[in-house]
Amino acid sequence: SREYGFDNPRRYIIAEKNKLLTIINPVTLLPIYPFEFEQISECNGNGDYLWVQVKKKWGLFNVKEKKYIVLPSYDNISRTSNSRNCYTLIVTIGNRWNGTTYKLGAINDKGELFIECKYEELYEKDGGYYQATLNGMQGLLYKDGRIKLNFVYKSLSAYASKGKYPTEYQGKFG
């Protein structure tokens, strides 16, 4: 068994049976959910949310409420780079790490896909923007997924300062 929960390490225990995992209540020592998870990974440090894998797909599970926030339907799920919480997650359809085709999108803590899985790259930036790549060109999205800066730039620098991004457009830099 493994104990999880950054703020409260004994909040619950992970147990394994027939190569499947579940969460055990540390007081009653009973499972709070059936043994169905292939993998469990902590999401936000306090143990309320866990990334869980079922049938090789990832989802988001709320331990307190004992229910899925996001059903296991993504090939990968990860925290946004600027956030220590679980409220915005980058999700992947396809295998990003083996050279095959994949698309990235984003979900919120309610399980809503607010950025469609259609981007080759997707990064959260300061100020609540997302830098994304679509069809090999880069642009910016507002924090709700609407386009802020059209996808016409060969590159937008990862080093933004006060909302200004060094870029290349039609062979010119600015």
Side-chain angles (χ1 to χ4, degrees), residues 1-125 128-135 141-147:
S1 71
R2 293 175 287 176
E3 296 177 350
Y4 278 87
F6 180 78
D7 296 330
N8 181 2
R10 296 195 178 270
R11 179 174 288 168
Y12 50 87
I13 299 167
I14 304 301
E16 181 176 343
K17 178 179 169 185
N18 299 325
K19 297 187 180 184
L20 294 176
L21 305 171
T22 192
I23 303 155
I24 302 290
N25 181 311
V27 176
T28 66
L29 298 179
L30 296 172
I32 68 163
Y33 207 78
F35 284 87
E36 74 174 24
F37 309 126
E38 295 158 0
Q39 291 187 60
I40 296 175
S41 183
E42 195 170 34
C43 182
N44 64 353
N46 70 14
D48 292 342
Y49 295 100
L50 295 172
W51 299 326
V52 294
Q53 186 183 47
V54 177
K55 296 181 182 174
K56 299 185 180 185
K57 298 290 184 181
W58 287 93
L60 182 63
F61 189 81
N62 184 312
V63 177
K64 269 186 184 175
E65 296 179 16
K66 302 174 188 160
K67 69 176 188 174
Y68 285 104
I69 302 300
V70 176
L71 289 173
S73 54
Y74 296 100
D75 292 302
N76 196 1
I77 190 168
S78 62
R79 180 182 314 142
T80 58
S81 60
N82 290 349
S83 180
R84 276 195 43 102
N85 61 42
C86 207
Y87 304 116
T88 302
L89 296 171
I90 303 297
V91 292
T92 309
I93 295 174
N95 190 332
R96 187 176 184 181
W97 312 114
N98 73 357
T100 60
T101 310
Y102 65 89
K103 298 295 179 185
L104 302 174
I107 57 174
N108 60 23
D109 65 331
K110 295 178 181 81
E112 300 164 335
L113 185 70
F114 69 95
I115 297 178
E116 183 182 347
C117 288
K118 67 179 186 179
Y119 298 98
E120 291 101 44
E121 295 299 329
L122 184 62
Y123 303 99
E124 186 177 20
K125 306 303 277 183
Y129 298 115
Y130 291 88
Q131 183 174 334
T133 303
L134 180 64
N135 300 321
L141 303 171
Y142 287 105
K143 60 183 171 182
D144 64 4
R146 292 178 298 124
I147 294 174

Minimum heavy-atom distance between K57 and S73, given as atom pair plus value: CB-N, 3.8 Å
I69 vs Y49 side-chain heavy atoms within contact, under 4.5 Å: yes
Exercise: identify the closest heavy-atom pair between C117 and K103: O-CB, 3.5 Å
Residue pair Y33 / Y68, side-chain heavy-atom distance below 4.5 Å: yes
Smallest separation among heavy atoms of F35 and A15, with atom names: CE2-O, 3.6 Å
Heavy atoms of other groups near K143 NZ, more than 12 under 6.0 Å: no
Gap separating the OG1 atom of T133 from the CG atom of L122, nearest 0.5 angstrom: 9.0 Å
Minimum heavy-atom distance A132-Y119, with the two atoms named: CB-CD2, 3.7 Å
Gap between atom OH of Y130 and atom CD1 of I147 - 0.5 Å precision: 15.0 Å
Chi angles and distances behind the side-chain contact (heavy atoms from CB on, under 4.5 Å) call for I24, I14: CA-CA 6 Å; I24 302 290; I14 304 301; over 6 Å; no
W58/Q39 under side-chain contact (heavy atoms from CB on, under 4.5 Å): CA gap, chis, key distance, verdict: CA-CA 9 Å; W58 287 93; Q39 291 187 60; 3.6 Å; yes
Min side-chain heavy-atom separation E38-L20 under 4.5 Å: yes
I40 CD1 to E16 CD distance, which is reported to the nearest 0.5 Å: 10.0 Å
Euclidean distance, Q53 CD relative to D75 CG, rounded to 0.5 Å: 9.5 Å
Side-chain touch V52/L21, heavy atoms, less than 4.5 angstrom: no
Side chain to side chain, F37 and V54, heavy atoms closer than 4.5 Å: yes
Result of checking I93, V91, L89, T92 against N76 for side-chain contact (heavy atoms from CB on, under 4.5 Å): T92
Working for side-chain contact (heavy atoms from CB on, under 4.5 Å), residues I32 and N25: CA-CA 6 Å; I32 68 163; N25 181 311; 3.9 Å; yes
Distance (rounded to the nearest 0.5 Å) between K66 NZ and F61 CZ: 9.0 Å
From CA spacing to verdict: side-chain contact (heavy atoms from CB on, under 4.5 Å), Y142, Y129: CA-CA 5 Å; Y142 287 105; Y129 298 115; 3.8 Å; yes
Distance (rounded to the nearest 0.5 Å) between Y123 OH and L141 CG: 13.5 Å
Under 3.5 Å donor-acceptor, E36 side chain and T22 backbone: no
